[in-house]
Participant: 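There's a structure below that I have some questions on.
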Amino acid sequence: MHDTPYSTAAETMIRDAHCFYEHGWLLGTSGNLSVRLDDTNFLITASGRDKGRLTPDDFLAREIARPGERGANSSAYPTDPSLKPSAEECIHQAIYARVPGVGAVYHVHEPYSAFCSERDANLGSTRMSSAEMIKGLGIWEANPRVRIPIFANHADVPAIAAEVDAHLSDPANHKIPGVNIRNHGYYAWGSTPFEAKRHVETFAYLFRYSWELGNGA
């Protein structure tokens with residue numbers, strides 16, 4: 001995996017965050033985006049920033065670490081000590097640490113994902129089948145059937161990260177490049193920011209498709 005320059009990572013997230021903001025998926029400073037810088041560090045949006053008006057000063061570098069082994073500000077990159085990372089940083093860390101080749105992780109608050117998570121909570125996942133847009137997740141099987149996992153929205157965010165980490169410890173669960181948090185929003189990732197953005201948009205379509213179809217089958 002090639003290193004991504006700090007400025008390139010920031011510029012990419014500014015552009016993509018504005019796009020998601022315009023869709024209504026990152027309102028009220030919600031959500032967070034990150035891009036891998038190198039083998040051990042990633043750049044993430046600072047807490048409390050308006051995602052529709054991000055600047056290069058609204059990011060900080062963090063270390064990749066498993067839950068319980070919290071990373072710190074990386075000395076290899078300049079970081080304003082007044083900036084605070086999102087409490088959800090630990091979920092990004094779990095994804096980078098567990099899924100090989102992840103280059104970006106985007107977390108958005110898209111409303112249909114919340115609707116589906118409430119409807120399908122007892123099933124533990126939202127089930128999709130046959131929708132053409134499943135191909136946008138990189139799944140090209142004939143008549144595919146996929147399950148997008150749902151995790152409880154614990155007030156203790158590290159508890160969410162621990163559950164996501166446990167889920168991703170099984171490589172078989174890497175096929176679906178995203179997880180949904182009940183009544184909250186979903187995380188989508190990809191090998192590049194472009195792929196992560198594509199997955200965000202694909203999930204948005206699939207959740208709306210599932211909700212308007214009226215079931216999660």
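The analysis underlying the following values was restricted to heavy atoms, covering all of them including side chains, and did not include hydrogens, waters or symmetry mates. By convention here, the first residue in the shown sequence is residue 1. On a predicted model such as this, the values are computed, not experimentally measured, just so you know.
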Participant: In the structure I gave you, are the side-chain heavy atoms of Ser47 and Glu89 within less than 4.5 Å of one another anywhere?
Facilitator: no
Participant: What's the separation between atom OG in Ser34 and atom CD1 in Ile95, rounded to the nearest 0.5 Å?
Facilitator: 7.5 Å
Participant: Indicate yes or no for a side-chain donor-acceptor contact from Thr8 to the backbone of Thr4 under 3.5 Å, with no hydrogens or angles considered.
Facilitator: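 Absent.
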Participant: Does Ala61 offer a backbone N or O that forms a donor-acceptor pair with the side chain of Asn41 under 3.5 Å?
Facilitator: no
Participant: Considering non-hydrogen atoms only, spot the tightest contact between Met133 and Thr202 and give its length.
Facilitator: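 Scanning both residues, the minimum pair turns out to be O-CG2, 3.1 Å.
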Participant: Any heavy-atom pair between the side chains of Val35 and Phe42 that's under 4.5 Å?
Facilitator: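 A side-chain contact is absent here, since even the closest heavy-atom pair is not under 4.5 Å.
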Participant: What about Leu33 and Phe59, same hydrophobic cluster or not, with Ile/Leu/Val/Met/Phe/Trp/Tyr joined at side-chain heavy-atom distances under 4.5 Å?
Facilitator: yes
Participant: Does CG belonging to Asn143 count more than 12 external heavy atoms closer than 6.0 Å?
Facilitator: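 Result for CG/Asn143: open.
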Participant: Any donor-acceptor pair under 3.5 Å linking the side chain of His18 with the backbone of Gly52?
Facilitator: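 Pair found, side chain donor or acceptor close to backbone of Gly52.
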Participant: Looking at CD1 of Ile64 and OH of Tyr96, how far apart are the two atoms once the value is rounded to the nearest 0.5 Å?
Facilitator: 7.0 Å
Participant: Who passes ring-ring contact (aromatic ring centres under 6.0 Å, His included) against Tyr187, sequence neighbours left out?
Facilitator: His92, His107
Participant: Can you tell me if Arg182 has over 12 outside heavy atoms packed within less than 6.0 Å of its CZ?
Facilitator: yes
Participant: Side chain of Asp120, backbone of Arg127: donor and acceptor closer than 3.5 Å?
Facilitator: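 The answer is no, because no donor-acceptor pair under 3.5 Å joins these two groups.
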Participant: Does Val105 belong to the same Ile/Leu/Val/Met/Phe/Trp/Tyr cluster as Leu168, with side-chain heavy atoms less than 4.5 Å apart forming each link?
Facilitator: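 Linked, Val105 and Leu168 end up in one cluster.
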Participant: Where does the angle between the aromatic ring planes of Tyr209 and Tyr205 fall among parallel (under 30°), tilted (30 to 60°) and perpendicular (over 60°)?
Facilitator: parallel
Participant: For a quick test of reading the model, state the closest non-hydrogen atom pair linking Leu26 to Gly31 and the distance between them.
Facilitator: CD2-CA, 3.6 Å
Participant: Heavy-atom distance under 4.5 Å between the side chains of Arg15 and Glu11, does that happen here?
Facilitator: no
Participant: Nearest 0.5 angstrom please: His109 NE2 to Ile181 CD1, how far?
Facilitator: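 Answer rounded to 0.5 Å: 9.5 Å.
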Participant: So, the side chain of Ser117 versus the backbone of Asn183: is there a donor-acceptor pair under 3.5 Å, distance only?
Facilitator: yes
Participant: Can you tell me how far CZ of Arg62 sits from CG of Leu37, rounded to the nearest 0.5 angstrom?
Facilitator: 12.5 Å
Participant: Can you name the residues that form a side chain to side chain donor-acceptor pair (under 3.5 Å) with Arg49, not counting sequence neighbours?
Facilitator: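 Scan of Arg49 (side chain to side chain donor-acceptor pair (under 3.5 Å), adjacent residues dropped) gives Asp58.
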Participant: Can you give me the closest heavy-atom contact between Pro193 and Asp16, atom names plus distance?
Facilitator: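 Answer, listing the atom of Pro193 first, then Asp16: O-OD2, 4.2 Å.
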Participant: Salt bridge check, Lys197 against Glu201: does any charged N sit closer than 4.0 Å to a carboxylate O?
Facilitator: yes
Participant: Keeping Gln93 on the side-chain end and Glu63 on the backbone end, is there a donor-acceptor pair under 3.5 Å?
Facilitator: yes
Participant: Taking a hydrophobic cluster as the set of Ile, Leu, Val, Met, Phe, Trp and Tyr residues connected by side-chain heavy atoms closer than 4.5 Å, whether directly or through intermediates, do Ile150 and Phe207 fall within one such cluster?
Facilitator: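 No, no single cluster joins them.
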Participant: Do Met13 and Tyr106 have side chains that approach each other closer than 4.5 Å (heavy atoms only, starting at C-beta)?
Facilitator: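 Answer yes - side chains close enough.
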Participant: Would you say the side chain of Phe203 lies within less than 4.5 Å of the side chain of Thr126, judging by non-hydrogen atoms?
Facilitator: no
Participant: Please round to the nearest 0.5 Å and tell me the distance separating atom NE2 of His199 and atom OG of Ser191.
Facilitator: 7.5 Å
Participant: Before giving the answer on side-chain contact (heavy atoms from CB on, under 4.5 Å), spell out for Tyr186 and Ile148 the whole-Å C-alpha distance, their side-chain angles and the decisive distance to 0.1 Å.
Facilitator: CA-CA 10 Å; Tyr186 58 87; Ile148 304 170; over 6 Å; no
Participant: Under 3.5 Å, is there a donor on one side chain and an acceptor on the other for Arg119 and Ser210?
Facilitator: yes
Participant: How far does CH2 of Trp25 sit from SG of Cys19, to the nearest 0.5 angstrom?
Facilitator: 7.0 Å
Participant: Treating Ile, Leu, Val, Met, Phe, Trp and Tyr as nodes and any side-chain heavy-atom pair under 4.5 angstrom as an edge, say whether Ile14 and Phe194 lie in one connected cluster.
Facilitator: no
Participant: Could you pull out the closest heavy-atom pair between Asp165 and Ala94, with the gap in Å?
Facilitator: CB-CB, 4.1 Å
Participant: Can you find a pair of side-chain heavy atoms, one from Tyr112 and one from Glu212, that are under 4.5 Å apart?
Facilitator: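 Heavy-atom side-chain distance check passes, below 4.5 Å.
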Participant: Suppose we screen for salt bridge (charged side-chain N to carboxylate O under 4.0 Å, His left out). Which residues come up paired with Glu163, at least two apart in sequence or across chains?
Facilitator: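 Not a single residue meets the salt bridge (charged side-chain N to carboxylate O under 4.0 Å, His left out) criterion with Glu163.
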Participant: Of all the heavy-atom pairs spanning His167 and Asn173, show the shortest one and how long it is.
Facilitator: O-ND2, 2.7 Å
Participant: Nearest heavy-atom pair of Ser86 and Asn32: which atoms, and what distance?
Facilitator: OG-ND2, 3.2 Å
